[in-house]
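What follows is one structure encoded as structure tokens, with my remarks underneath.
Below, each value reflects all heavy atoms present in this structure, side chains not excepted, and no hydrogens, waters or symmetry copies. In what follows, chains are A, B, ... by sequence order, proteins preceding strands, each numbered from 1.
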Amino acid sequence: MNLLLPFLQRIFYAAMLLVAVLILNFSMLHLAPGDIADTIAQASGGANTEMMAQIRNDYGLDQPFIVQLVQYVGKVLTFDLGYSFFYNQPVTTLIFEKLPATLLLVITAQILALVLGVFLGVFSARNPKGIVSYLVTFIALFGYAAPVFWTGILLLIAFSLKIQLFPVAGMIDVTIEGGWFVKALDIARHMVLPVLTLSSIFLALYSRLCRASMMEVLGSDYIRTAKAKGLSERQITYKHALKNSLSPVVTLAGLQFSAVVSGAVLVETVFSWPGLGTLALQSIIARDTPTILGILFFSALVVIVGNLITDLVLRLIDPRVGKSS
Amino acid sequence: MKPLLKVDNLRIELTTRDGVAPVIDDLSLQLNAGETLSFVGESGCGKSMTALALMGLLPEGVGRVASGQILFDGEDLTQASDARMREIRGNEISMIFQEPMTSLNPVYTIGEQIAEVLRRHQNLSRQAAWNKAIELLDAVRIPNPGARVSDYPHQMSGGQRQRVMIAIALACEPKILIADEPTTALDVTVQAQIFDLLRDLGRELGTATILITHDMGAVADMAERMIVMYAGRKAEAGPVEQIIEHPRHPYTKGLISCVPHLMATLTEERPELTEVPGIVPSLRDFGRDQCLFASRCDRADDKCKTSRPPEIEFENEQSSACWQAEQLR
């Protein structure tokens with residue numbers, strides 16, 4: 001009960017925030033020059049003023065700004081994200097079509113980075129002068145410094161071109177035949193490079209943060225108490241120290257939820273991964289406003305839900321969170 | 001009677017930026033089963049370091065036992081394996097610390113933290129250990145133990161947390177309890193309660209206690225024998241009453257005259273409160289062949305500054321490392 005009550009309040013604020021984001025997104029996109037009429041005219045090799053006006057009238061783009069805004073917000077509140085001019089499909093359908101691919105990529109990369117990052121962080125905190133510790137410093141430096149698309153391209157050159165281990169692009173080989181297992185295996189093969197690329201950023205963040213917070217915790221008084229109890233090294237590290245040092249890592253991982261769209265755009269583009277990032281890029285180029293707005297709205301939703309989940313996990317890890325007043 | 005713990009010529013070295021310093025220099029002591037021995041001295045005198053050495057918890061890579069023996073029930077702990085030390089820690093020798101506010105793990109319930117040590121050393125089942133934890137909370141006089149057992153440390157006061165630490169330390173009925181300034185961080189009113197608790201439980205379980213403190217009142221109250229440490233060396237040792245009445249080391253004298261409340265009655269004329277001037281020498285001077293207290297001592301002469309005084313034993317079990325111990329009364 002007292003775990004849930006503050007959440008109801010938070011959910012209310014989150015909804016308010018979403019509406020604000022919606023209005024802001026719509027207004028900003030409206031300010032930008034160019035619309036779908038330009039794209040259509042361009043695609044059909046030019047058009048006169050009457051035709052342009054006709055197109056704008058068809059799509060309701062000639063209405064006053066405030067009318068368009070109210071109409072849009074009203075529609076979104078009934079879970080209708082509008083209709084894509086470019087793809088001729090409802091935006092919701094489009095997003096949910098592309099979502100699984102992105103989720104698969106981002107979640108796999110997140111889990112890999114979390115598990116590996118925490119493990120490396122813990123290991124190097126226990127041996128601060130060991131080789132792994134220097135490796136963590138190197139990974140962190142590399143992950144921070146190297147742009148993700150550059151890492152991706154380098155991996156492509158190395159493991160798809162020079163050594164032809166992994167496919168260059170896409171999510172699945174269209175010519176492949178066989179049962180679900182064969183297909184899953186093929187998807188896994190396609191996933192290796194994009195996942196590695198995407199997780200390199202996360203890994204840098206997590207391993208370094210985990211190392212720092214673990215080192216701090218290992219020097220604390222309650223670790224000395226745990227030693228005085230005669231517990232084994234393993235129990236001290238994984239039971240007493242790890243749980244305490246996870247809070248900052250979880251907080252950071254929660255913030256990375258936004259990467260469902262932002263971080264993945266570059267990686268998906270480099271590897272032609274058919275996910276939300278690719279969709280976002282294409283609809284921006286096509287000036288397909290409803291789709292862009294839909295994706296922006298969706299990513300805001302993901303970030304807000306991600307934050308709520310992070311909060312809940314933090315409360316589960318540390319009983320002191322949210323209790324002090 | 002064979003002593004429970006016998007420390008012979010213990011030397012502990014600490015590696016610092018200035019080189020290797022003997023933080024404990026030639027310390028010998030004996031502790032009998034069930035008795036209370038007190039370590040007294042200013043901060044930085046090596047009291048806590050001795051305690052950590054007994055626990056095998058000297059700071060890794062920095063401190064080490066350079067020579068000497070720690071014989072516990074005839075077994076030399078300086079030679080014991082890590083696994084053997086883990087068996088002893090928390091089971092046969094346990095320790096409570098100075099900082100009750102931070103000594104408990106904030107993310108586990110106190111019940112879990114007590115039960116854990118029982119599962120580790122007594123192979124109790126989860127349920128049995130949990131029930132024993134409730135009993136222990138009751139034993140350390142925490143009201144309503146059945147409900148408090150599921151509390152987290154942040155829901156308790158400093159005094160209560162120290163009681164939980166005592167419950168953890170005494171859970172396996174250890175032979176030796178080391179209490180390292182257990183009340184320094186607590187309210188004065190709570191201090192007395194904690195000392196009462198330590199004394200009562202110690203007697204009940206027959207646990208020998210090493211009480212590290214600079215509270216002379218607590219020493220007089222709790223301990224049978226005391227060791228006065230100065231700069232890593234034993235300054236004076238012997239039965240508490242004797243030392244307080246007739247200190248044979250100028251440092252002990254100084255410590256006692258710092259304490260206002262040792263007078264028997266209010267009407268008695270009080271001697272002036274004094275302080276021991278100066279500070280403990282820095283670590284790099286610890287190894288010198290001289291009396292390390294000489295620079296702060298008003299009786300010091302040339303001899304004190306050129307050679308280390310030997311430990312002189314008197315017939316009444318008192319001993320003192322001072323060149324002028326004979327004259328001091």
**Request:** To the nearest 0.5 angstrom, please state how far the CD atom of A/Gln235 sits from the CD atom of B/Glu116.
**Result:** 6.0 Å
**Prompt:** Got more than 12 heavy atoms from elsewhere within 6.0 Å of CZ, A/Phe96?
**Reply:** no
**Prompt:** Think A/Arg320 forms a cation-pi with B/Tyr152, using NZ or CZ under 6.0 Å from the six-ring centre and within 45 degrees of its axis?
**Reply:** no
**Asked** Which heavy atom of A/Pro319 sits nearest a heavy atom of B/Pro106, and at what distance?
**Response** CG-O, 3.4 Å
**Asked** So what's closer than 4.5 Å to chain A heavy atoms on B/Arg84: side chain, backbone, both or neither?
**Response** neither
**Request:** Go through the atoms of B/Asn105 and report whether side chain, backbone, both or neither lie under 4.5 Å from a heavy atom of chain A.
**Result:** both
**Fill in**
Under 4.5 Å to a heavy atom of chain A? For B/Met165 that would be side chain
**Asked** Roughly how far, to the nearest 0.5 Å, is the OH atom of B/Tyr108 from the OH atom of A/Tyr222?
**Response** 10.5 Å
**Prompt:** Quick one: which residues of residues 118-137 of chain A reach chain B at under 4.5 angstrom, heavy atoms only?
**Reply:** none
**Prompt:** Which residue out of A/Glu233, A/Lys239, A/Lys227 racks up the most heavy-atom pairs below 4.5 Å with chain B?
**Reply:** A/Lys239
**Prompt:** Should we count CZ of A/Arg208 as having more than 12 external heavy atoms under 6.0 Å?
**Reply:** no
**Prompt:** Side chains of B/Gln113 and A/His240: do they bring a donor and an acceptor to under 3.5 Å?
**Reply:** no
**Message:** Counting neighbours of CD on A/Glu216 that are heavy atoms of other residues, nucleotides or ligands and sit closer than 6.0 Å, is the number greater than 12?
**Reply:** no
**Item:** Separation between CG of A/Asp318 and NE2 of B/His154, rounded to the nearest 0.5 Å
**Value:** 8.0 Å
**Message:** Can a donor-acceptor pair be found, under 3.5 Å and without considering hydrogens, that links the side chain of A/Arg224 to the backbone of B/Ser103?
**Reply:** no
**Item:** B/Leu104 versus chain A, the contacting section by heavy-atom distance below 4.5 Å
**Value:** backbone
**Asked** Can you tell which of A/Ala226, A/Ala228, A/Ser220 has the highest number of heavy-atom pairs within less than 4.5 Å of chain B?
**Response** A/Ala228
**Request:** Counting only heavy atoms closer than 4.5 Å, note whether A/Ser232 contacts chain B via side chain, backbone, both or neither.
**Result:** both
**Request:** Please list, chain by chain and in numerical order, all residues satisfying side chain to side chain donor-acceptor pair (under 3.5 Å) with B/Thr102, sequence neighbours excluded.
**Result:** A/Asp221
**Message:** Which atoms of A/Leu231 are under 4.5 Å from chain B, going by heavy atoms: the side chain, the backbone, both sets, or neither?
**Reply:** both
